[in-house]
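Read through the structure below, which is laid out as structure tokens, and then see the notes.
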Amino acid sequence: MTQPAITGSGVFTPELAISNDELVAAFNAYADRFNADHAEAIAAGTVEAKPQSSAEFILQASGIESRYVLDKSGILDPDRMYPSLRPRRDDEPSVMAEMALDAAGKALAAAGRAAGEIDLVICAASNHERPYPAMAIEIQQLLGAGGFAFDMNVACSSATFGIQAAADMIRGGSARRALVVSPEICSGHLEWRDRDCHFIFGDVATAVVIEPADEAKGARFDIHSTRCATQFSNNIRNNHGFLRPVHDQMEDRRDMRFMQNGRKVFKEVLPLVSAHIAGHLADAGWQSDDLKRLWLHQANKAMNDFIGKKVLGRTPEPREQPNILQDYANTSSAGSIIAFAQNSDDLEPGDRGVICSFGAGYSVGSVLVERA
Ligand code: CO8
């Protein structure tokens, strides 16, 4: 059977970034205004006052220091608190496709491949700009790739589930050379007026090229095996969908954006992910000592510290378990791929590692790779 390998990876990083201090200043200005506008109702107890956010809390609770965004001014405008992106005409490339194209170009260059050599494009992300035609098919067309393309969504685990789908198709022969792209515009889906979550997300796009190992033109990571798992939970939820208009509730409802019970997610996902990686390693016949690197989902530094320690049986060295969330925040499915793309060149042939993402669903995806 064909051995699939990751032969290139790429990251599109938006030019604009928002620091915790900038974010908190905007949120607190919004909260002050809200409280002034609702002073009577707050005094009467019918409306809850908005408490202030704090940059110290954000850093200590999450490890996030900054986040990249496609638009900064709309998010930081206390009267708006939402990005402002120009709508695209039907004959223009969509925003997600443009981001994906940038990341894809870098991944293809790293693999030494032309877009025309790709015959499978998977756009694996937690939000898609429209239901159809598929984002992946637009990206396929803009790139000049062949074959077929489709979208998939497993929230934060989309990229690893996409890598599994692509690797399996290459093993099975239904695709020859794949591109898995994960453009994430989390800023368009976040409730920036909610103190509990306004700091969590950022925008980015990632891409990986997957092809038969024996056709790789340069350095490669052989995909030894993949494992995906899901277990239903309402603790991370978004109720926005195509039935929204028929519910006669067209106003901007809170549950149409990202909702989570962060504490519960934290507690429930940790054992799930630790056991998932341990089981995957055991079934693959790999020891935790074999792992030179853990490229984990980037949601919370404390979560990653816990998982790294559980998997390795000791506190990982910073190099062994690189975090990028201090600069990028949570970028949903792209997080573990950014960590991989920016922290894998130094590995030697024979070095092994695991890419692992986890999040809404719940969902967990792990990819065991070996540098060849
Ligand atoms: N500033 C100051 N104080 C605050 C703030 C703030 N910004 N926010 C909350 N507080 C207060 C709370 O009110 C609370 O006060 P009190 O104790 O008086 O009630 C106190 O701080 C502690 O609050 P929490 O219990 O909420 O704080 P935690 O320590 O739990 O930290 C985190 C909150 C950082 C959210 C943490 O729970 C966490 O990271 N949990 C895991 C989250 C996670 O991994 N989620 C995955 C979601 S991503 C995903 O699956 C993809 C979804 C699809 C993509 C969506 C794209 C947008």
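The first residue in the sequence is number 1, and the count goes up from there. Since we're looking at a predicted model, the values are computed, not measured. We count ligands from 1, going down the list as the structure has it; atoms in each ligand are counted the same way.
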Self-check item: Selection from Phe258, Phe27, Phe57 by shortest heavy-atom distance to atom 21 (O) of ligand 1
Solution: Phe57
Quiz item: Using a distance-only test with no angle check, is there a side-chain donor-acceptor pair under 3.5 angstrom linking Ser94 and Glu138?
Solution: yes
Quiz item: Any N or O of Gly262 that comes nearer than 3.5 Å to an N or O of ligand 1?
Solution: yes
Quiz item: Between Asp203 and Arg67, is there a side-chain N and carboxylate O pair less than 4.0 Å apart?
Solution: no
Ignoring hydrogens and angles, write down the donor-acceptor pairs under 3.5 Å from the side chains of residues 332-340, residues two or more places apart or on other chains.
{"unit_1": "Ser332", "atom_1": "OG", "unit_2": "Ser126", "atom_2": "OG", "d": "3.0"}
{"unit_1": "Ser333", "atom_1": "OG", "unit_2": "Glu184", "atom_2": "OE2", "d": "2.5"}

Quiz item: For the residue pair His198 and Phe27, does the interplanar ring angle fall in the parallel (under 30°), tilted (30 to 60°) or perpendicular (over 60°) class?
Solution: tilted
Practice problem: For ligand 1, note which part of Ala61 has a heavy atom under 4.0 Å away: side chain, backbone, both or neither. | Solution: both
Self-check item: Proximity to ligand 1 by part of Cys186, non-hydrogen separation under 4.0 Å
Solution: both
Quiz prompt | Short N or O distance, Arg195 and ligand 1, threshold 3.5 Å exclusive | solution = yes
Quiz item: Has ligand 1 got any nitrogen or oxygen that is less than 3.5 angstrom from a nitrogen or oxygen of Asn330?
Solution: no
Quiz prompt | Sub-4.0 Å protein heavy atom next to atom 26 (O) of ligand 1 | solution = no
Quiz item: Should we count CD of Glu48 as having more than 12 external heavy atoms under 6.0 Å?
Solution: no
Quiz item: For ligand 1, which part of Ala360 has a heavy atom less than 4.0 Å away: the side chain, the backbone, both, or neither?
Solution: both
Self-check item: Residue portion contacting ligand 1 (non-hydrogen atoms closer than 4.0 Å) for Asn238
Solution: neither
Exercise. Would you name the heavy atoms of Asn20 and Ile64 that are closest together and state the gap between them?
Key: ND2-O, 2.6 Å
Quiz item: Is Asp194 salt-bridged to Arg257, going by a charged N under 4.0 Å from an acidic O?
Solution: no
Quiz item: Residues two or more places apart in sequence or in another chain: which of them pass ring pair (Phe, Tyr, Trp, His ring centres under 6.0 Å) with His189?
Solution: none
Quiz item: For ligand 1, does Asn300 get within less than 4.0 Å through its side chain, its backbone, both, or neither, judged by non-hydrogen atoms?
Solution: side chain
Practice problem: Answer with yes or no whether Arg257 contacts ligand 1, where contact means a heavy atom under 4.0 Å from a ligand atom. | Solution: no
Exercise. Could you tell me which atoms of ligand 1, counted from 1 in the order shown, lie closer than 4.0 angstrom to a heavy atom of His189?
Key: 55 (C), 56 (C), 57 (C)
Quiz item: To which protein heavy atom is atom 1 (N) of ligand 1 closest, and what is the distance rounded to 0.1 Å?
Solution: Ser54 N, 3.2 Å
Exercise. State whether any protein heavy atom lies less than 4.0 Å from atom 38 (C) of ligand 1.
Key: yes
Quiz prompt | Enumerated ligand 1 atoms positioned under 4.0 Å from heavy atoms of Met303 | solution = 41 (C), 44 (O)
Quiz item: Is atom 19 (O) of ligand 1 close to the protein, meaning a heavy atom under 4.0 Å from it?
Solution: no
Quiz item: Below 4.0 angstrom, N of the basic side chain to O of the carboxylate: do Glu117 and Arg113 qualify?
Solution: yes
Quiz item: Does the ring center of Trp286 lie less than 6.0 Å from the ring center of His280?
Solution: no
Quiz item: Is a salt bridge present between Asp290 and Arg352, judged by a nitrogen-to-oxygen distance below 4.0 Å?
Solution: yes
Quiz item: Taking atom 24 (P) of ligand 1 as the point of reference, which of Arg263, Lys301, Lys267 owns the nearest heavy atom?
Solution: Arg263
Quiz item: Just distances here: any N/O of His297 and N/O of ligand 1 closer than 3.5 Å?
Solution: no
Quiz item: From atom 16 (P) of ligand 1, is the closest protein heavy-atom distance below 4.0 Å?
Solution: no
Quiz item: Can you name the one residue among Arg319, Gln321, Arg293, Glu320 that meets side-chain hydrogen bond (donor to acceptor under 3.5 Å, both in side chains) with Asn343?
Solution: Arg319
Exercise. Give the single entry among Gly359, Cys156, Gly361 that approaches atom 51 (C) of ligand 1 most closely by any heavy atom.
Key: Cys156
Quiz item: Does Arg80 count as lying over the ring of Tyr30, i.e. NZ or CZ under 6.0 Å from the six-ring centre, within 45 degrees of the axis?
Solution: no
Quiz item: For ligand 1, which atoms sit closer than 4.0 Å to a heavy atom of Asp196?
Solution: 8 (N), 9 (C)
Quiz prompt | Where ligand 1 meets Gln260 - atom numbers and elements under 4.0 angstrom, heavy-atom basis | solution = 35 (C), 42 (C), 43 (C), 45 (N), 46 (C), 47 (C)
Exercise. Can you sort out which atoms of ligand 1 are near Ala299, meaning under 4.0 Å from one of its heavy atoms?
Key: 44 (O)
Practice problem: Report yes if Ser53 has an N/O atom closer than 3.5 Å to an N/O atom of ligand 1; otherwise report no. | Solution: yes
Exercise. Determine, for Arg220 against Asp222, whether the closest basic-nitrogen to carboxylate-oxygen distance falls under 4.0 angstrom.
Key: yes
